[in-house]
Protein chains: 2
Amino acid sequence: MTERPLNATAASLLGFLHDGPLTGWDLVALAEQRIGGFWSLTSSQVYRELATMATAGLIEAGERGRRDRQPFKITDAGRAAFRAWGEREPGAETIRFPLLLTMVFGQHIPREQMARSIAAHRALHAERLAGYESMAATIPAGHRAADPFSVATLDFGIAYERAVLTWFDGLPDSIVQVERADD
Amino acid sequence: MTERPLNATAASLLGFLHDGPLTGWDLVALAEQRIGGFWSLTSSQVYRELATMATAGLIEAGERGRRDRQPFKITDAGRAAFRAWGEREPGAETIRFPLLLTMVFGQHIPREQMARSIAAHRALHAERLAGYESMAATIPAGHRAADPFSVATLDFGIAYERAVLTWFDGLPDSIVQVERADD
DNA sequence: TGGTACATGTAACATGTTACATGATTAG
DNA sequence: CTAATCATGTAACATGTTACATGTACCA
């Protein structure tokens with residue numbers, strides 16, 4: 001007992017398990033879809049956390065089904081642990097943006113390389129934004145009120161991606177523009 | 001030889017060392033100031049990376065000065081390693097935003113708690129934005145052209161923080177508003 | 001002369017990443 | 001029958017975090 005507090009990744013798994021038993025595989029897919037935009041996790045991590053939480057009694061393994069699927073069910077202890085996590089002040093966000101790191105040292109990095117990276121990342125963000133926007137478009141009108149939390153996180157994704165795109169588009173030519181030899 | 005490629009944190013230290021020898025302490029402070037907005041590192045990490053890089057011959061320790069300060073100087077091998085890092089396509093950014101995680105599971109979390117967390121985070125972001133904006137205000141006009149890279153990363157911080165604040169302010173009352181007993 | 005800021009570092013541990021091994025089921 | 005996808009998991013390692021120990025120099 002007196003387990004150390006849950007980490008956020010484990011807590012999110014417990015969060016998903018509130019709605020019913022799920023397998024590791026399901027959780028990976030669900031997490032990617034629902035929190036992938038601002039929380040990353042790998043299947044390795046998921047299986048490790050599940051094993052740890054099962055040992056700690058926060059979840060219980062059910063019968064294995066087809067293809068060895070093993071569903072986990074949240075226990076009362078798990079719900080309590082989740083509640084305790086939810087009551088802690090969430091920490092500040094961390095962002096790790098390698099492109100910006102490259103950019104800080106831009107003077108030491110080939111200009112063309114940088115311009116290409118920027119273009120690639122811009123495209124990636126445009127794609128993500130499009131994805132979020134099409135998700136948002138399919139939200140039934142009534143749902144916006146019914147599940148404001150999911151909507152809010154989706155809105156965050158949209159706001160973030162739009163800001164990033166606007167920033168990309170405002171970069172000065174001195175950074176973005178590649179002098180091209182007339183080939 | 002054939003060392004595995006640099007990690008981004010180590011690379012950033014090498015980046016700073018391009019402009020002259022620095023101690024671990026200096027690097028921590030400099031990193032916090034220059035890349036703290038989108039890349040976090042702790043002093044423990046810095047000293048560990050310095051030790052590793054010194055062993056690998058990417059940097060060289062100089063004479064210890066006052067208060068045991070130990071400056072490190074980048075070597076040619078270090079410059080080469082940095083260049084190799086700069087030539088790799090920077091990976092996608094990762095964001096880890098605990099507040100959003102809490103929010104996804106908002107239905108399972110006390111409303112008042114959530115509202116308080118949101119207010120606290122909003123204040124934090126407002127503060128950061130103000131900091132960035134005052135930094136931006138002190139950039140001499142000519143500098144904008146002279147060091148477009150630093151300016152660009154600062155602009156990112158501003159764009160990001162503004163987007164986050166706007167998002168906060170657009171959250172629906174159903175999330176933000178706490179019913180207050182008339183006390 | 002005592003507190004504060006400077007400065008370096010270690011140890012222990014938590015978390016995240018990558019690569020791989022294994023097998024079940026399904027679709028063609 | 002075979003390739004693709006589903007599904008679980010381990011091992012090894014890299015990276016990040018937290019707590020602490022040690023000592024120096026400045027400044028009031």
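So you know, we letter chains A, B, ... as the sequences are listed, proteins then strands, and number each from 1. For the numbers below, each heavy atom of this structure counts, side chains included, while hydrogens, waters and symmetry mates do not.
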Let me know the distance between [atom1] of [X] and [atom2] of [N], rounded to the nearest Å.
X: Arg48(B); N: dA11(C); atom1: CZ; atom2: C1'; result: 11 Å
X: Glu49(B); N: dT10(C); atom1: CD; atom2: P; result: 14 Å
X: Arg66(A); N: dT5(D); atom1: CZ; atom2: P; result: 18 Å
X: Arg69(A); N: dT8(D); atom1: CZ; atom2: P; result: 6 Å
X: Leu41(B); N: dT17(D); atom1: CG; atom2: P; result: 9 Å
X: Gln45(A); N: dT15(D); atom1: CD; atom2: C1'; result: 12 Å
X: Phe72(B); N: dG9(C); atom1: CZ; atom2: C1'; result: 11 Å

Exercise. Okay, side chain of Ser40(B), backbone of Gly36(B): is any donor-acceptor separation there less than 3.5 Å?
Worked result: no

Exercise. Counting only N and O atoms by type, is there a donor-acceptor contact under 3.5 Å from the side chain of Trp167(A) to the main-chain atoms of Ala152(B)?
Worked result: yes

For this session: Ignoring the backbone of Gln70(B), work out which of dT8(C), dG9(D), dT17(C) is nearest its side chain.
Result: dT8(C)

For this session: Would you indicate which nucleotide in dT8(C), dT17(D), dT15(C) comes nearest to any side-chain atom of Tyr47(B)?
Result: dT8(C)

Exercise. Quick one: is Arg64(B) getting a side-chain N or O under 4.0 Å of the dG9(C) phosphate, OP1 or OP2?
Worked result: yes

What pairs of donor and acceptor atoms, side-chain ones from residues 80-94 of chain A against any protein atom, are under 3.5 angstrom apart with sequence neighbours left out?
| unit_1 | atom_1 | unit_2 | atom_2 | d |
| --- | --- | --- | --- | --- |
| Glu93(A) | OE1 | His125(B) | NE2 | 3.4 |
| Glu93(A) | OE2 | Tyr160(B) | OH | 2.6 |

Exercise. Going by heavy atoms in the side chains, are Arg69(B) and Arg64(B) under 4.5 Å from each other?
Worked result: no

Problem set entry | Side chains of Val46(A) and Glu49(A) in contact at under 4.5 Å (non-hydrogen atoms) | no

For this session: Starting from the 5' end of DNA chain C, give me the residue, Ser43(B) or Asp68(A), whose nearest nucleotide shows up first.
Result: Ser43(B)

For this session: Taking atom CD of Glu127(B) as the centre, report whether more than 12 heavy atoms of other residues, nucleotides or ligands fall under 6.0 Å from it.
Result: no

Exercise. Can you list, by residue number, the residues of residues 6-39 of chain B that have a non-hydrogen atom closer than 4.0 angstrom to DNA chain D?
Worked result: Asn7(B), Thr9(B)

Exercise. Which of residues 87-98 of chain A sit near DNA chain D, with a heavy atom under 4.0 Å from it?
Worked result: Arg96(A)

Exercise. Would you call the rings of Phe97(A) and His121(A) parallel, tilted or perpendicular, where under 30° means parallel and over 60° means perpendicular?
Worked result: tilted

For this session: Could you tell me whether Arg128(B) and Glu133(B) make a salt bridge, using a distance below 4.0 angstrom between a side-chain N and a carboxylate O?
Result: no

Problem set entry | Polar side-chain contact Ser44(A)-dT10(D) base: donor and acceptor under 3.5 Å | yes

Problem set entry | Result of checking Phe16(A), Phe149(A), Trp39(A) against Phe105(B) for ring pair (Phe, Tyr, Trp, His ring centres under 6.0 Å) | Phe16(A)

